[in-house]
Asker: 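The structure under discussion is supplied below as structure tokens; questions concerning it will follow.
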Amino acid sequence: MATTYKLLLLPGDGIGIETMAEVERLIAFFNKKSNKARFETQSDLVGGSAYDKHGVSITDEAMKKALATDAVMFGAVGGPQWDKVPYEHRPEAGLLRLRKDLDLFANLRPAICYPALADASALKRELVEGLDIMIVRELTGGTYFGEPKEIVTLENGEKRGVDTTVYTTREIDRIAKVAFDLARRRRNLVHQAAKWNVMKTGVLWRDVVTATHKAYAPDVRLEHILADNCAMQLLRNPKQFDVVLTDNLFGDILSDEAAMMTGSLGMLPSASLGAPDAKTGRRKAMYEPVHGSAPDIAGKGLANPIATIASFAMALRYSFDLGSEADKVETAIASVLDKGLRTGDIMQPGMTKVGTTEMGKAILDELTRLTA
Ligand code: IPM
Ligand code: MG
């Protein structure tokens with residue numbers, strides 16, 4: 001008997017809509033072919049498209065669906081047409097509400113360089129070939145959510161903007177455990193990146209991660225690295241890293257940097273996970289590409305669907321216990337790249353340029369072949 005899972009699709013804006021359509025093709029494939037799992041999908045709006053229809057970047061109704069589902073697949077949000085929308089309704093607010101209300105504190109951002117793409121990287125082939133880093137970004141605390149967060153007018157008429165970086169022991173401890181657990185299944189190394197030389201939260205991060213390491217994971221190698229040095233080392237010698245554990249803001253920046261080393265932002269998936277449920281052991285989860293809505297190419301069929309498809313592979317692995325199916329999707333991506341198919345963002349001389357749908361179909365064909 002196949003297990004039935006509920007999936008909420010939130011394609012959002014811009015290229016999110018096009019790349020999610022390719023994931024729907026994959027879902028239909030598994031529903032037809034797999035005897036292990038069946039996916040029931042629902043869809044809703046988020047971001048600018050939700051604002052245009054409902055005046056908010058995500059409705060309470062969509063939030064209810066997200067809370068009730070087994071996993072959320074998220075596309076991308078934003079675009080210049082919403083630049084003037086009130087701050088609390090800007091497209092990104094919908095994404096941040098999902099992260100916060102589902103308590104998705106653990107953001108896993110793998111940066112893997114497919115061999116076929118080593119020359120598309122801004123770095124030299126020998127630096128990135130075989131690269132396999134996992135950035136573990138804390139996602140529900142720090143500068144993104146700390147209060148006060150405001151712009152106030154001072155008595156002299158000048159304005160003052162304030163963001164607040166706050167972390168508690170519990171918040172750091174739980175994300176550190178996720179990083180150590182992942183490292184054990186990889187190369188057993190965690191770099192904790194923070195600014196303990198300037199920030200009190202940095203001091204706390206270093207202390208708590210050290211204590212958690214001692215109590216929970218003394219078998220894993222732990223290194224502390226200043227976040228700015230980490231940014232530099234990622235360019236100098238990226239393969240020295242295995243798992244990079246860091247806060248919300250540094251994680252945002254370091255993961256864009258790591259993504260670019262793999263050839264294109266269009267390649268990088270992510271998983272955002274909550275704590276395991278006390279009864280079922282299941283984690284709330286949302287899967288999304290690291291790239292944004294790319295308004296410049298939206299609606300033209302040019303977007304690279306690989307990051308969104310690879311995010312679905314992460315959903316298979318982390319939410320549905322379908323690790324071997326996830327491996328197959330990833331193998332299918334790699335072999336389509338080996339065959340020379342490229343979307344514009346990863347195009348190289350001598351390769352075959354394809355659009356979003358062609359790339360999605362080619363991956364599906366390869367998957368069909370691997371599954372036969
Ligand atoms: C990301 C994005 C988001 C973030 C934006 C869209 C709010 O850059 O997921 O990395 O800053 O977290
Ligand atoms: Mg970002």
Side-chain angles (χ1 to χ4, degrees), residues 10-17 19-20 45-51 56-58 66 72-83 85-111 133-146 149 163-167 171 175 193 227 230-231 234 244-262 264-274 285-296 298 303-304 307-308 310-312 314-315 345:
L10 299 175
D13 308 322
I15 63 167
I17 297 165
T19 62
M20 192 65 79
L45 300 173
V46 66
S49 56
Y51 180 79
V56 290
S57 55
I58 188 159
V72 179
M73 282 294 310
F74 186 96
V77 289
Q81 64 268 52
W82 299 290
D83 277 352
V85 163
Y87 184 79
E88 66 272 29
H89 296 315
R90 73 199 189 287
E92 291 79 6
L95 172 59
L96 295 177
R97 182 174 175 198
L98 280 159
R99 289 176 179 171
K100 192 70 179 172
D101 288 7
L102 298 177
D103 199 17
L104 304 172
F105 66 91
N107 187 214
L108 278 42
R109 298 191 159 184
I133 299 177
M134 178 70 88
I135 301 208
V136 177
R137 169 188 178 193
E138 199 291 329
L139 200 61
T140 49
T143 320
Y144 275 60
F145 295 99
K149 189 177 204 49
D163 291 288
T164 308
T165 307
V166 207
Y167 274 106
E171 286 176 302
I175 188 76
C230 183
L234 275 170
V244 176
L245 163 64
T246 191
D247 81 358
N248 204 345
L249 186 57
F250 296 140
D252 180 47
I253 295 163
L254 294 176
S255 62
D256 263 33
E257 190 189 352
M260 201 52 222
M261 301 184 314
T262 69
S264 161
L265 259 182
M267 300 297 300
L268 204 72
S270 83
S272 305
L273 308 175
M286 179 161 81
Y287 299 88
E288 57 171 307
V290 172
H291 65 68
S293 57
D296 53 324
N304 184 350
T308 313
S311 299
F312 180 65
M314 291 187 89
D345 57 315

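For the numbers below, each heavy atom of this structure counts, side chains included, while hydrogens, waters and symmetry mates do not. Remember, it's 1-based here, ligands and their atoms both numbered in the order they're listed.
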Asker: Can you see which heavy atom on G75 is nearest to which on M20, and at what distance?
Answerer: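 Of all heavy-atom pairs spanning G75 and M20, the closest is N-CE, 3.5 Å.
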Asker: So for ligand 1, is D256 a polar contact partner (N or O within less than 3.5 Å, distance only)?
Answerer: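 N/O-N/O distance below 3.5 Å does not exist for this pair.
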Asker: Between R99 and ligand 1, which part of the residue brings a heavy atom under 4.0 Å of the ligand: side chain, backbone, both or neither?
Answerer: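 It is the side chain that gets close, since no backbone atom is under 4.0 Å.
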Asker: Can you tell me how far CD1 of I175 sits from OG1 of T140, rounded to the nearest 0.5 angstrom?
Answerer: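 T140 OG1 to I175 CD1: 8.0 Å, rounded to 0.5 Å.
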Asker: Is the shortest distance from a heavy atom of R137 to ligand 1 less than 4.0 Å?
Answerer: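 For ligand 1, residue contact (heavy atoms, under 4.0 Å) with R137 is present.
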Asker: Could you find the nearest protein heavy atom to atom 8 (O) of ligand 1 and give me its residue, atom name and distance?
Answerer: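 For atom 8 (O) of ligand 1, the nearest protein heavy atom comes out as D252 OD1, 3.3 Å.
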Asker: What is the minimum heavy-atom distance between A307 and S311, and which atoms define it?
Answerer: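 Nearest pair, atom of A307 first, then S311: O-OG, 2.7 Å.
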Asker: Atoms of ligand 1 less than 4.0 Å from E92 heavy atoms?
Answerer: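 Near E92, meaning under 4.0 Å from one of its heavy atoms, ligand 1 has 6 (C), 7 (C).
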Asker: Could you state the interatomic distance from CG (L102) to CG (L273), rounded to the nearest 0.5 Å?
Answerer: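 Rounded to the nearest 0.5 Å, the CG-CG separation comes to 11.5 Å.
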Asker: Got a sec, which residues hit side chain to side chain contact (heavy atoms under 4.5 Å, CB included) with T143, two or more places apart in sequence or on another chain?
Answerer: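 If we apply the side chain to side chain contact (heavy atoms under 4.5 Å, CB included) test to T143, skipping adjacent residues, the hits are D163, T165, L249.
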Asker: Among all the protein's non-hydrogen atoms, which is closest to atom 4 (C) of ligand 1, and how far away is it?
Answerer: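 It is Y144 OH, 3.4 Å.
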Asker: Heavy atoms only: give me the nearest L254-A227 pair and the separation to one decimal.
Answerer: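 Between these two residues, the closest heavy atoms are CD2-O, 4.2 Å.
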Asker: Which protein N, O or S atoms lie under 2.8 Å from the Mg ion (ligand 2)?
Answerer: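 For the Mg ion (ligand 2), the protein N, O and S atoms that sit under 2.8 Å away are D252 OD1.
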Asker: Got a second to check how far F74's CZ is from L104's CG, nearest 0.5 Å?
Answerer: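 So the CZ of F74 and the CG of L104 are separated by 11.5 Å.
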Asker: In Å and rounded to the nearest 0.5 Å, what is the CG to CG distance from D103 to L98?
Answerer: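 Answer for the CG-CG pair, D103 versus L98, is 13.0 Å.
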Asker: Say you draw a straight line from OG of S264 to CG of N304; how long is it, rounded to the nearest 0.5 Å?
Answerer: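 These two atoms lie 6.0 Å from each other.
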Asker: Any heavy atom of R109 closer to ligand 1 than 4.0 angstrom?
Answerer: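 Within the 4.0 Å threshold, so yes.
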